Amino acid sequence: MVSLSGDSVYPHDVLTVLFCLLTVSQAYVNVALNKPAYQQNPYVVNGDYDTYDASNAVDGHKSDLSSWGGQCAILSDWGQTATWWVNLTTIHSINHITIYFVTNNKPWGPSNVLTKFFLGFSVYVSNTTDRLQGTLCYKDDNFTLDTIPAVFTTACPVYGQYVIFYNERLPGVTYPDEYSDFVYIALCEVEVYGCPATGYFGSNCSVPCPDVNCQYCHIETGTCRGCKPGYKGHRCEITCERGTYGAGCKETCGTCRDVNQCSINNGTCLTGCDAGYKGDLCKTACDRGWYGYDCKETCGHCRDRYLCSNINGWCRTGCDPGYQGDLCKTSCDRGSYGSECNETCGHCRDVDHCSNINGTCSTGCDADYQGDLCKTPCPVGYFGEDCSETCINSYTCDGCNDVSGSCDYGCRPGWIGYFCQKNRSKTRLDYLSLKSHHGR
């Protein structure tokens with residue numbers, strides 16, 4: 001309030017409020033000072049990020065409330081939504097929040113072109129950057145161009161990690177005539193007053209929360225607002241049930257070797273993981289191709305290694321060719337090979353050198369056989385190792401002795417004799433001729 005002489009005068013009740021706020025501000029700590037900040041669509045001119053950066057609103061400087069003074073955070077574009085937040089880096093108990101709007105160092109109110117852009121703003125405190133998951137500390141439904149203050153303070157006795165300033169002009173929504181058509185960020189300083197450490201309350205943040213397992217209590221009354229991880233209940237007197245942990249006991253323990261040894265505070269498995277899992281929380285399955293306790297076992301020759309059980313190593317879709325058993329770590333029995341070891345090895349020179357995978361005879365074939373699998377007999381007329389020996393009268397024998405080359409398996413049609421060396425037709429002609437000669 002300003003007198004005609006230009007001097008500032010305040011009614012007694014206004015002075016009382018200002019005195020109280022000043023007293024409270026001195027008692028609590030500005031926990032937002034120099035903390036990381038973010039703003040939607042930061043304003044950048046000629047590569048200059050610093051002049052209008054989001055962090056300007058938590059740097060402690062507020063002597064120049066102009067857009068160009070380098071002490072304020074400015075959004076680049078006017079739009080339908082505008083968001084700025086500060087990350088307090090840990091959860092804090094908060095008492096109140098003070099915001100210095102950009103005024104361009106001009107009188108505030110209807111005559112200032114900036115005033116209308118701030119009408120309708122909201123302030124949230126959240127444990128995440130999602131304002132809707134947090135607490136709405138203040139929503140402007142009443143300010144006008146005449147009443148909105150250039151320096152705004154609101155009580156917000158809650159706890160959280162992010163303080164979020166938000167404003168909007170959504171399509172299809174009717175706003176008061178004084179409101180701007182669009183919004184943007186223009187904040188010179190945001191001060192968040194509260195306790196620097198958790199577990200305390202009071203004007204000097206020196207009184208421990210009354211409930212021993214309470215982590216966040218009301219900054220003024222001490223009433224518990226949030227339990228330490230591992231506890232729940234109105235006074236945090238209840239320990240998390242078996243298999244649960246964390247804030248409000250809402251987290252589920254991983255696959256601990258002993259679920260009773262899951263830390264109620266952070267879920268760490270104190271005696272290690274059950275088979276098939278790894279990590280402090282035992283919530284991560286073994287990497288592909290590994291299984292068992294501490295994921296130290298290597299999967300066998302599964303048909304698909306992705307389908308090797310991370311717990312016991314069983315191959316759910318069977319083995320690769322050449323292996324058998326639930327773990328597919330056992331080679332096919334001697335003399336067999338292939339898928340499910342259903343194939344029989346050929347006439348390998350040494351059956352122990354028959355590949356369990358594809359049946360190939362790595363040391364060659366027994367006598368009288370040829371081919372990679374040694375399942376093909378030598379061609380007619382040939383015998384011995386690598387079918388390199390030729391039968392006597394190989395073209396007339398049906399099969400010969402693989403030592404002597406004699407025709408042990410008979411002659412081809414039209415041939416006779418021990419070595420199948422005689423042509424049956426010629427022999428008969430000779431016989432008939434001889435018989436005719438003796439008959440004369």
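Only heavy atoms go into these numbers, but all of them, side chains included; no hydrogens, no water, no symmetry mates. Treat the numbers as computed from the prediction; the structure is a model and nothing was measured.
- Taking the side chain as every heavy atom from C-beta outward, D59 and N34 approach each other to under 4.5 Å.
- Residues satisfying the side chain to side chain donor-acceptor pair (under 3.5 Å) test with N204, not counting sequence neighbours, are none.
- Sorted by first and then second residue, the pairs that involve residues 257-302 and meet ring pair (Phe, Tyr, Trp, His ring centres under 6.0 Å), not counting sequence neighbours, are H301-Y323.
- Looking at S309, its side chain does come within 3.5 Å of a backbone N or O of I311 through a donor-acceptor pair.
- In this structure, the side chain of E251 does not engage the main chain of G267 through any donor-acceptor pair within 3.5 Å.
- A donor-acceptor contact shorter than 3.5 Å links the side chain of T221 to the backbone of T223.
- Between C240 and C249 the SG-SG gap is short of 2.5 angstrom.
- Donor-acceptor pairing under 3.5 Å is recorded for the side chains of S67 and N104.
- Under the side chain to side chain donor-acceptor pair (under 3.5 Å) criterion, T115 pairs with no residue at all, not counting sequence neighbours.
- Counted by atom type alone, D333 and S336 present zero donor-acceptor pairs between their side chains at under 3.5 Å.
- With H92 contributing its side chain and T90 its backbone, the two residues share a donor-acceptor pair below 3.5 Å.
- When atom types are taken as modelled, the side chain of S126 and the backbone of T129 share no donor-acceptor pair closer than 3.5 angstrom.
- No side-chain heavy atom of T98 sits less than 4.5 Å from a side-chain heavy atom of V190.
- Between P377 and Q370 there is no side-chain heavy-atom pair separated by less than 4.5 Å.
- Taking the side-chain contact (heavy atoms from CB on, under 4.5 Å) definition, one finds that C236 meets it with N213, C214, C224, C227, Y231, sequence neighbours left out.
- Inter-residue side-chain proximity for Y175 and E168 is flagged as met; some heavy-atom pair is nearer than 4.5 Å.
- Put simply, the side chain of F101 reaches to within 4.5 Å of the side chain of F121, judged on heavy atoms.
- Atoms CG and CD, on L33 and E191 in that order, are 8.5 Å from each other to the nearest 0.5 Å.
- Residues forming a side chain to side chain donor-acceptor pair (under 3.5 Å) with Q71 (at least two apart in sequence, or on another chain): S63.
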Discussion item. Please evaluate residues E220 and N95 with respect to the criterion side-chain hydrogen bond (donor to acceptor under 3.5 Å, both in side chains), reporting the C-alpha separation (whole Å), side-chain torsions for both, the decisive distance (0.1 Å), and the verdict.
Written reply: CA-CA 8 Å; E220 296 171 346; N95 180 265; 3.1 Å; yes

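- A search for ring pair (Phe, Tyr, Trp, His ring centres under 6.0 Å) contacts involving Y245 returns nothing, not counting sequence neighbours.
- Between the side chain of Q39 and the backbone N or O of I74, at least one donor-acceptor pair lies under 3.5 Å.
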Fill in: Verdict with supporting geometry, C262 and C253, disulfide bond (SG atoms under 2.5 Å apart)
CA-CA 6 Å; C262 169; C253 291; 1.9 Å; yes

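- Using a 4.5 Å heavy-atom cutoff, the side chains of F117 and V183 are not in contact.
- For the two cysteine residues C256 and C273, the thiol sulfurs sit 2.5 Å or further apart.
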Discussion item. Using the rule given for side-chain hydrogen bond (donor to acceptor under 3.5 Å, both in side chains), can you reason through S388 versus D386, listing the C-alpha separation, both sets of side-chain angles and the distance that settles it, and then say yes or no?
Written reply: CA-CA 5 Å; S388 60; D386 301 322; 5.7 Å; no

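- Not a single donor-acceptor pair under 3.5 Å links the side chain of N310 to the backbone N or O of A285.
- Note that the CH2 atom of W314 and the CG atom of D326 stand 5.0 Å from one another [nearest 0.5 Å].
- Interatomic distance, I99 CD1 to K62 NZ, rounded to the nearest 0.5 Å: 12.5 Å.
- D352 meets the salt bridge (Lys or Arg N to Asp or Glu O under 4.0 Å) test with R334; sequence neighbours excluded.
- Under the 3.5 Å distance criterion, with hydrogens and angles disregarded, a donor-acceptor pair is assigned to the side chains of S66 and D64.
- For T271, the side-chain contact (heavy atoms from CB on, under 4.5 Å) partners at least two apart in sequence or on another chain are R257, D258, Q261.
- Note that CG of D130 and CH2 of W85 are 12.0 Å apart. Values are rounded to the nearest 0.5 Å.
- Taken together, C354 and C345 meet the criterion of an SG-SG distance shorter than 2.5 Å.
- When the options R235, H234, K228 are evaluated for a side-chain hydrogen bond (donor to acceptor under 3.5 Å, both in side chains) with D211, the one that passes is R235.
- Partners of L119 under the side-chain contact (heavy atoms from CB on, under 4.5 Å) rule, at least two apart in sequence or in another chain, are D140, F143, L145, I148, R169, E178, Y179.
- Here the CG atom belonging to L187 is positioned 10.0 Å from the OH atom belonging to Y184, to the nearest 0.5 angstrom.
- Residues meeting the side-chain contact (heavy atoms from CB on, under 4.5 Å) test with A150, sequence neighbours left out: T103, W108.
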Which side-chain N or O atoms in residues 156-165 pair as donor and acceptor under 3.5 Å with protein atoms at least two apart or in another chain?
from	atom 1	to	atom 2	distance (Å)
Y159	OH	R225	O	3.2
Q161	NE2	N87	OD1	2.9

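- The main-chain N or O of G371 is never found under 3.5 Å from a side-chain atom of K375 such that the two would form a donor-acceptor pair.
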Worksheet item: Does the disulfide bond (SG atoms under 2.5 Å apart) test come out yes or no for C365 and C348, once each step is laid out?
Response: CA-CA 4 Å; C365 304; C348 298; over 6 Å; no

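- Not a single side chain to side chain donor-acceptor pair (under 3.5 Å) links H61 to another residue, sequence neighbours left out.
- Checked against K278 for a side-chain hydrogen bond (donor to acceptor under 3.5 Å, both in side chains), the options T255, T284, D287 give a single hit: D287.
- Cysteines C205 and C195 place their SG atoms closer than 2.5 Å to one another.
- Other residues, nucleotides and ligands contribute only 12 or fewer heavy atoms inside 6.0 Å of the NZ atom of K250.
- Counting only heavy atoms from C-beta outward, the side chains of L65 and V102 never approach each other to under 4.5 Å.
- Within the 4.5 Å cutoff, the side chain of C315 has no heavy atoms near those of the C299 side chain.
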